[in-house]
Structure formats: C-alpha cells, structure tokens
> 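Structure below; questions to follow.
Proteins get letters first, then strands, A, B, ... in listed order; numbering begins at 1 in each.
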Amino acid sequence: MPELPEVETTRRGIAPHVEGRRVARVLVRQRQLRWPVSEAIWKEWPGEIINRVGRRAKYLLLHSDSGTALVHLGMSGSMRVLEAPQPPGAHDHVDIVMQGGPVLRYTDPRRFGAILWTTGPVEQHKLIRHLGPEPLGPDFDGALLFALSRGRSAAVKNFIMDARVVVGVGNIYASEALYRAGISPVRAAGRVSRQRYEVLAEAIRSVLSSAIKAGGTTLRDFVGGEGRPGYFRQELDVYDREGELCHRCGESVRRRVIGQRSSFYCPACQR
DNA sequence: ATGCGGACCTGTTAGC
DNA sequence: TGCTAACAGGTCCGCA
C-alpha cells in the first residue's frame with residue numbers, strides 16, 4: 001500500500017485536475033470499504049467545489065465549503081484521474097465525476113481503504129486527532145523520537161511505524177530508513193541514543209523525500225494520480241531484497257518478521 | 001500507558 | 001496442472 005510518498009504522489013497528481021472544479025456526481029459501486037462510504041459522499045458532495053486537495057498522514061483531504069472528503073488508500077488502493085471515460089474494472093469502487101468531464105476513480109482490491117465525509121475541523125476528526133507530526137514538517141526531529149522512546153521496550157521499527165509518534169512511515173520506508181541510519185530494526189526503541197535518533201530522523205526525511213521525487217514505490221499495482229507507477233523500487237536498499245547483497249558492505253540482506261510484518265536489514269551494517 | 005494479536009478483504013505466488 | 005498456504009504497501013480495536 002501506499003505509504004506517505006505514494007499518497008503525496010497521488011495528491012500532486014490529482015490536484016491540478018480537480019482543484020477549483022465542481023463535483024457533478026458520485027457513483028458508488030461498492031460501498032463496503034473498511035467502513036461504509038459516507039452517505040454524504042453522494043448526497044451532499046455533488047454541487048460542491050473542491051477548493052484544495054490536502055494531505056494529513058496517509059489521508060487525502062478534498063476540501064469543499066460545506067465539508068471535507070477523507071480518502072485513505074489502505075493497503076492496495078489508488079486514486080487517479082481519467083480524462084476520458086473508461087469502463088470500470090472489478091475493483092473500481094467509486095467514481096467522482098467532475099463537472100466538465102474528468103473522473104476521479106478510486107480503486108482498491110482489498111478494500112482496506114476508506115472514503116468518509118466530515119464537516120467541522122478535520123484536525124479534530126476521530127481518525128486524525130491522535131496523529132503525531134508530519135515527518136517532513138517542522139515538528140519532527142531526533143529530539144522528539146528520543147523523548148518519546150524513553151522506557152519503551154518495543155522494537156525501534158515498530159516505534160517509528162506508530163502513527164502517534166510520527167505519521168507516514170510504513171513497512172517499506174521503516175526498513176529503508178533504519179538501513180540508512182545503521183540501526184537494527186529489532187533494537188528496543190528505548191535503547192537508541194539521542195545522537196542516533198538524530199541520524200534516524202534525517203534518514204526518515206531523506207528516504208521519504210527521495211521516494212516522493214521518484215513518484216513513490218510500485219511493488220505490484222500502485223499508480224499515482226496520473227495513472228503512472230512509481231520508480232523508487234530501483235532505489236530500495238533492503239526492502240524485498242532478502243538474500244541479495246548489501247549495497248554498502250556486500251553482506252547478504254536478511255528478512256525477519258517483527259510485529260507480524262516482514263523487515264529487511266543488513267546484519268553487518270545495522271546494530 | 002504500552003504492547004500484542006486479531007480483524008477487515010482479495011489477489012498473487014511459492015511449494016507440494 | 002491443480003490445490004493450499006503464505007504473504008502483501010494499513011491501522012483500528014480489544015485485551016492483558
């Protein structure tokens with residue numbers, strides 16, 4: 001699924017096509033996603049102008065005067081712009097038809113995503129309010145990671161994937177950032193020094209920024225807002241490279257399950 | 001408060 | 001070739 005770079009790629013891809021345009025109608029073919037698609041999505045949204053496409057964590061926020069659509073892509077979702085009509089495939093659950101023609105098509109085979117409507121301040125929404133800082137924003141740094149990690153016995157990989165600590169770091173980029181920082185993914189979060197958290201915070205920022213530049217990572221089926229795959233896969237150092245050679249030292253990359261998720265690391269470079 | 005496991009759902013691939 | 005099991009980019013929730 002889309003982690004932060006893929007969601008940001010989607011945001012940048014769709015924004016120019018929908019900002020300032022009016023929603024003509026919304027077609028919901030499959031209402032049952034992680035939660036049922038909000039009724040307001042097809043009852044209240046049509047007629048509204050999408051003023052701005054924002055993002056908080058992995059949520060896309062389509063702002064209108066009377067409310068905001070929250071879109072989450074789950075594990076397997078994508079949202080892209082169709083300039084010309086195309087017949088829907090099996091997992092094309094929702095079409096947002098814009099006045100003048102373009103269609104925002106939401107696709108999600110596993111249906112772990114969500115499309116919800118909210119009025120009132122988005123930052124107070126139940127799914128948003130508990131979230132930690134944006135990793136590319138001003139409130140995230142090594143000092144924060146250090147402070148929040150004291151006394152915590154959980155693996156540092158799980159710690160940086162905890163959205164209350166920092167948002168947007170998913171399974172791919174957690175492994176990649178820990179590799180760049182030279183920290184073992186299984187090390188207890190509370191046993192990483194302040195100095196090493198500074199390095200890790202910078203590694204998280206750099207890997208996410210580079211992935212955004214590449215249009216995200218496509219492992220199997222991700223496409224961005226313009227329908228194109230992301231090219232960061234070529235730049236991955238460890239993720240999905242079990243048995244292949246470490247780009248830095250030549251040791252073979254290992255896979256290990258941590259917190260029920262596959263993790264990849266170099267046993268020589270990461271301590 | 002923290003940490004863990006289960007839940008949601010479908011598709012692809014590895015292994016027998 | 002065909003069946004089965006494992007695994008996949010997320011994250012909420014309930015329990016210990």
> Within the structure provided, determine whether A:Thr10 and A:Arg80 are in side-chain contact (heavy-atom separation under 4.5 Å).
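Counting from C-beta outward, A:Thr10 and A:Arg80 never come under 4.5 Å.
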
> When you compare the side chain of A:Leu60 with that of A:Val7, does any pair of heavy atoms fall below 4.5 Å?
yes

> Suppose the criterion is salt bridge (charged side-chain N to carboxylate O under 4.0 Å, His left out): which pairs have a residue in residues 255-271 of chain A, not counting sequence neighbours?
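Output for this query lists A:Glu242-A:Arg255.
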
> Does DNA chain B take part in any stems of at least 3 consecutive Watson-Crick or G-U pairs (both distances under 3.5 Å), and if so, which ones?
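Output for stems: B:2-8 with C:10-16, B:10-16 with C:2-8.
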
> Which nucleotide wins on minimum distance to the side chain of A:Arg34, given the candidates C:dT11, B:dG6, C:dA8?
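Shortest atom-to-atom distance from the side chain points to C:dT11.
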
> Does A:Gln32 reach a base, just sugar-phosphate, or nothing at all? Heavy atoms under 4.0 Å.
nothing

> Just jot down the side-chain hydrogen bond (donor to acceptor under 3.5 Å, both in side chains) partners of A:Lys126, sequence neighbours excluded, or say none.
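side-chain hydrogen bond (donor to acceptor under 3.5 Å, both in side chains) check on A:Lys126 returns nothing, list empty.
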
> Hey, could you give me each pair passing salt bridge (charged side-chain N to carboxylate O under 4.0 Å, His left out) that has a residue in residues 159-168 of chain A? Not counting sequence neighbours.
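Checked against salt bridge (charged side-chain N to carboxylate O under 4.0 Å, His left out) - neighbours excluded - the pairs reaching residues 159-168 of chain A are A:Arg152-A:Asp162, A:Asp162-A:Arg164.
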
> Could you pick out which residue, A:Arg261 or A:Val257, lies toward the 5' side of DNA chain C when each is mapped onto its nearest nucleotide?
A:Val257

> Does anything in residues 174-199 of chain A form a side chain to side chain donor-acceptor pair (under 3.5 Å)? List the pairs, not counting sequence neighbours.
A:Arg180-A:Ser206

> Please identify each residue that fulfils side-chain hydrogen bond (donor to acceptor under 3.5 Å, both in side chains) with A:Ser78, with sequence neighbours left out.
none

> If you look at every strand shown and take non-hydrogen atoms under 4.0 Å, does A:Arg233 touch a base, only sugar-phosphate, or nothing?
nothing

> Assign A:Phe232 to base, sugar-phosphate, or nothing according to its heavy-atom contacts below 4.0 angstrom with the strands shown.
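No contact.
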
> Quick one: which of C:dC12, C:dA8, B:dT10 gets closest to the side chain of A:Arg111?
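Among C:dC12, C:dA8, B:dT10, the one nearest the side chain of A:Arg111 is B:dT10.
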
> Closest approach to the side chain of A:Tyr239, judged atom by atom: which nucleotide of B:dC9, C:dA8, B:dT2 is it?
C:dA8

> Taking the minimum atom-to-atom distance to the side chain of A:His130, which one of C:dC12, C:dG10, B:dT2 wins?
C:dC12

> How is A:Thr217 classified with respect to the nucleic acid when contacts are heavy atoms under 4.0 Å: base, sugar-phosphate, or nothing?
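Base contact.
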
> Using nucleotides 13-16 of chain C, report all nitrogen or oxygen pairs with the protein that are shorter than 3.5 Å.
from, atom 1, to, atom 2, distance (Å)
C:dC13, OP1, A:Lys126, NZ, 2.8

> On the six-membered ring of A:Tyr231, is A:Arg233 placed so that its NZ or CZ lies under 6.0 angstrom from the centre and within 45° of the ring axis?
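The answer is no; the distance or angle limit is not met.
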
> Mind running a 4.0 Å heavy-atom check of residues 153-169 of chain A against DNA chain B and sending the residues that fall below it, in number order?
A:Ser153, A:Ala154

> Would you mind classifying the nucleic acid contact of A:Asp108 as base, sugar-phosphate or nothing, using non-hydrogen atoms under 4.0 angstrom?
nothing

> Could you note down all residue pairs passing ring-ring contact (aromatic ring centres under 6.0 Å, His included) where residues 237-271 of chain A supplies at least one of them, sequence neighbours left out?
A:Tyr239-A:Phe264

> Heavy atoms from C-beta onward define the side chain here; which of C:dC12, B:dG5, C:dA8 lies closest to that of A:Gln260?
B:dG5

> When Ile, Leu, Val, Met, Phe, Trp and Tyr are grouped by side-chain heavy atoms lying under 4.5 Å apart, directly or through other members, which residues fall in the same group as A:Leu82?
A:Val97, A:Val103

> Quick check, does A:Phe112 stack with B:dC8? I mean ring centres under 5.5 Å and planes off by under 30°.
yes

> Walk along nucleotides 11-16 of chain B from 5' to 3' and tag each nucleotide B, S or - by protein heavy-atom contact under 4.0 Å, base first, then sugar-phosphate.
SS----

> With no hydrogens and no angle check, do the side chains of A:His93 and A:Gln32 hold a donor and an acceptor under 3.5 Å apart?
no

> What pairs meet the salt bridge (charged side-chain N to carboxylate O under 4.0 Å, His left out) rule with one or both residues in residues 102-123 of chain A, with sequence neighbours excluded?
A:Asp92-A:Arg105, A:Asp95-A:Arg105

> Among B:dT2, C:dG10, C:dA8, which nucleotide sits nearest the side chain of A:Arg152?
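For A:Arg152, the side-chain atoms sit closest to B:dT2.
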
